[in-house]
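What follows is a short report on a single structure.
This is a predicted model, so every value here is computed, not measured.
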2 protein chains.
Amino acid sequence: MKDTTNTDRVFKALGDPTRRKLLDLLCERNGQTLNELCEHLAMARQSATQHLGILEAANLVSTTKRGREKLHFINPVPLHEVYERWVRKFEVQRLSLLHQLKTELEGE
Amino acid sequence: MKDTTNTDRVFKALGDPTRRKLLDLLCERNGQTLNELCEHLAMARQSATQHLGILEAANLVSTTKRGREKLHFINPVPLHEVYERWVRKFEVQRLSLLHQLKTELEGE
DNA sequence: AGAATATGCAGGTAAATGCCTGCATGTAAA
DNA sequence: TTTACATGCAGGCATTTACCTGCATATTCT
């Protein structure tokens, strides 16, 4: 395995629709068990486990055991960091484009 | 090929570090040619072309031809949409966590 | 026109990815 | 304690991915 940065892991994790769905499910109700999450996915439990493992490696999900069950909790911090450190700077471009468009429209 | 949504394509495109670097490069200076972009990557020109194709398919980059050159421009709109429609809702979680932490600290 | 430059297009390949099945383990309920 | 349930672990397999090389095309410069 290559040495991957945190940012790398987060973006990689978000690159899969199943994993985004898992985050969506946890956003609706936090602390769900593996089985509960599986009910909403069209795949084997073991596959879901792998996806959750990737989310956990990216620090987007953390877990605890309660008896024989495993509870999953969402961690929004890495998402926020990625936004702050990476996505935000493209906002500058976007706003300048909007400004440009606006002044062009006014010139007509 | 499967039917992929726009959101899908954007996240998939962002999942690769080379493609994020390309966006970074275009953010620094918009409208660069293929060759200019290649100079900053450690791979064959043809590989970079493929990455740019994926960014274009995700509508994150648009291009024009100027003579024999191809100019690449960044399009920040899809990034903003993804943020608004997807990332933002996790902010609610994050802020509530912060609030929770704050009140717990105050209780000590 | 001929040479140099910028890019396009088409396979080919090793590794990563996403999914599966089968079986093992640990915990709770009867 | 036996049985059912929730999850863990390992290996296999088809597809996708990210890279490559080789050659074709189009534009500019001499």
Side-chain angles (χ1 to χ4, degrees), chain A residues 1-26 29-58 60-73, chain B residues 1-26 29-58 60-73:
Chain A
M1 206 183 293
K2 278 220 172 170
D3 64 332
T4 43
T5 69
N6 278 348
T7 306
D8 236 332
R9 271 188 290 271
V10 171
F11 274 112
K12 215 58 180 296
L14 297 177
D16 182 273
T18 303
R19 292 194 283 269
R20 290 198 303 278
K21 181 161 188 178
L22 282 168
L23 291 180
D24 278 337
L25 289 170
L26 288 179
R29 187 163 63 81
N30 216 352
Q32 295 190 59
T33 69
L34 176 57
N35 261 344
E36 286 172 333
L37 292 170
C38 278
E39 285 169 12
H40 302 275
L41 303 180
M43 63 179 60
R45 169 185 55 83
Q46 291 91 329
S47 307
T49 303
Q50 290 178 324
H51 284 299
L52 288 165
I54 290 170
L55 289 171
E56 209 171 342
L60 285 161
V61 161
S62 54
T63 61
T64 326
K65 294 217 98 181
R66 183 182 61 188
R68 62 183 164 185
E69 303 174 307
K70 189 173 192 179
L71 306 182
H72 299 77
F73 299 89
Chain B
M1 208 182 292
K2 279 218 170 172
D3 64 331
T4 43
T5 68
N6 278 350
T7 306
D8 236 333
R9 271 188 290 272
V10 172
F11 274 111
K12 216 49 179 302
L14 297 178
D16 182 273
T18 302
R19 292 194 283 270
R20 289 198 303 279
K21 181 160 188 179
L22 282 168
L23 291 180
D24 279 337
L25 289 169
L26 288 178
R29 187 163 61 83
N30 216 353
Q32 295 189 61
T33 69
L34 176 56
N35 260 345
E36 285 172 332
L37 292 170
C38 279
E39 284 169 14
H40 303 274
L41 303 181
M43 64 179 61
R45 169 185 56 83
Q46 290 92 331
S47 307
T49 302
Q50 289 177 324
H51 284 299
L52 287 165
I54 290 172
L55 289 171
E56 208 171 342
L60 286 162
V61 160
S62 56
T63 61
T64 326
K65 293 215 98 180
R66 184 182 61 189
R68 63 183 162 182
E69 303 174 305
K70 189 173 191 180
L71 306 182
H72 299 78
F73 299 88

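If you measure from atom CZ of B:Arg9 to atom C1' of D:dT17, you get 17 Å, rounded to the nearest angstrom. Taking atom CE on A:Met43 and atom P on C:dC19, their separation rounds to 4 Å, with Å as the unit. Put simply, CG on A:Asp16 is 18 Å from P on D:dT15, counting in whole angstrom units. Distance B:Arg66 CZ to C:dT7 P: 10 Å, rounded to the nearest Å. For the pair A:Lys12 NZ and D:dT17 P, the computed distance is 11 Å after rounding to whole Å. C:dA16 atom P lies 15 Å from atom CD of A:Gln50, rounded to whole Å. B:Lys21 places its NZ atom 12 Å from the P atom of D:dC19, with the value rounded to the nearest Å. Whole-Å rounding puts the A:Phe11 CZ to D:dT17 C1' distance at 19 Å.
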Inset, instruction - Evaluate the side chain to side chain contact (heavy atoms under 4.5 Å, CB included) criterion for residues A:Asp8 and B:Arg20: first the C-alpha distance (whole Å), next the side-chain angles of each, then the deciding distance (0.1 Å), finally the verdict. - result: CA-CA 10 Å; A:Asp8 236 332; B:Arg20 289 198 303 279; 3.1 Å; yes
Inset, instruction - With side chain to side chain contact (heavy atoms under 4.5 Å, CB included) as the test, would you mind laying out the steps for B:Thr4 and B:Lys12 before giving the verdict? - result: CA-CA 10 Å; B:Thr4 43; B:Lys12 216 49 179 302; over 6 Å; no
Legend entry - Working for side chain to side chain contact (heavy atoms under 4.5 Å, CB included), residues B:Val61 and B:Leu23: CA-CA 8 Å; B:Val61 160; B:Leu23 291 180; 3.9 Å; yes
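Close to C:dA6, at under 4.0 Å from its OP1 or OP2, lies no side-chain N or O of B:Lys65. Residue A:Asn35 places no side-chain N or O under 4.0 Å from the OP1 or OP2 atom of D:dC5. For the pair B:Arg19 and D:dA18, the criterion of a side-chain N or O lying under 4.0 Å from OP1 or OP2 is met. A:Ser47 has a side-chain polar atom (N or O) that falls below the 4.0 Å cut-off from OP1 or OP2 of C:dC20. For D:dT17, neither phosphate oxygen OP1 nor OP2 lies less than 4.0 angstrom from any side-chain nitrogen or oxygen of B:His51.
Candidate nucleotides D:dA18, C:dG18, D:dA6 were compared by shortest atom distance to the side chain of A:Ile54, and C:dG18 ranks first. Between C:dA4, C:dC19, D:dG8, one nucleotide has an atom nearer to the side chain of B:Arg68 than all others, and that is C:dA4.
Atom CG of residue B:Leu41 and atom OG1 of residue B:Thr18 lie 6.5 Å apart, to the nearest 0.5 angstrom.
Using a 4.5 Å heavy-atom cutoff, the side chains of A:Leu71 and A:Thr63 are not in contact.
Between A:Glu69 and B:Leu71, the residue anchored nearer the 5' end of DNA chain C, judged by the nucleotide with its closest heavy atom, is B:Leu71. Comparing B:Gln46 and A:Lys70 along DNA chain D, the residue whose closest nucleotide (by nearest heavy atom) sits nearer the 5' end is A:Lys70.
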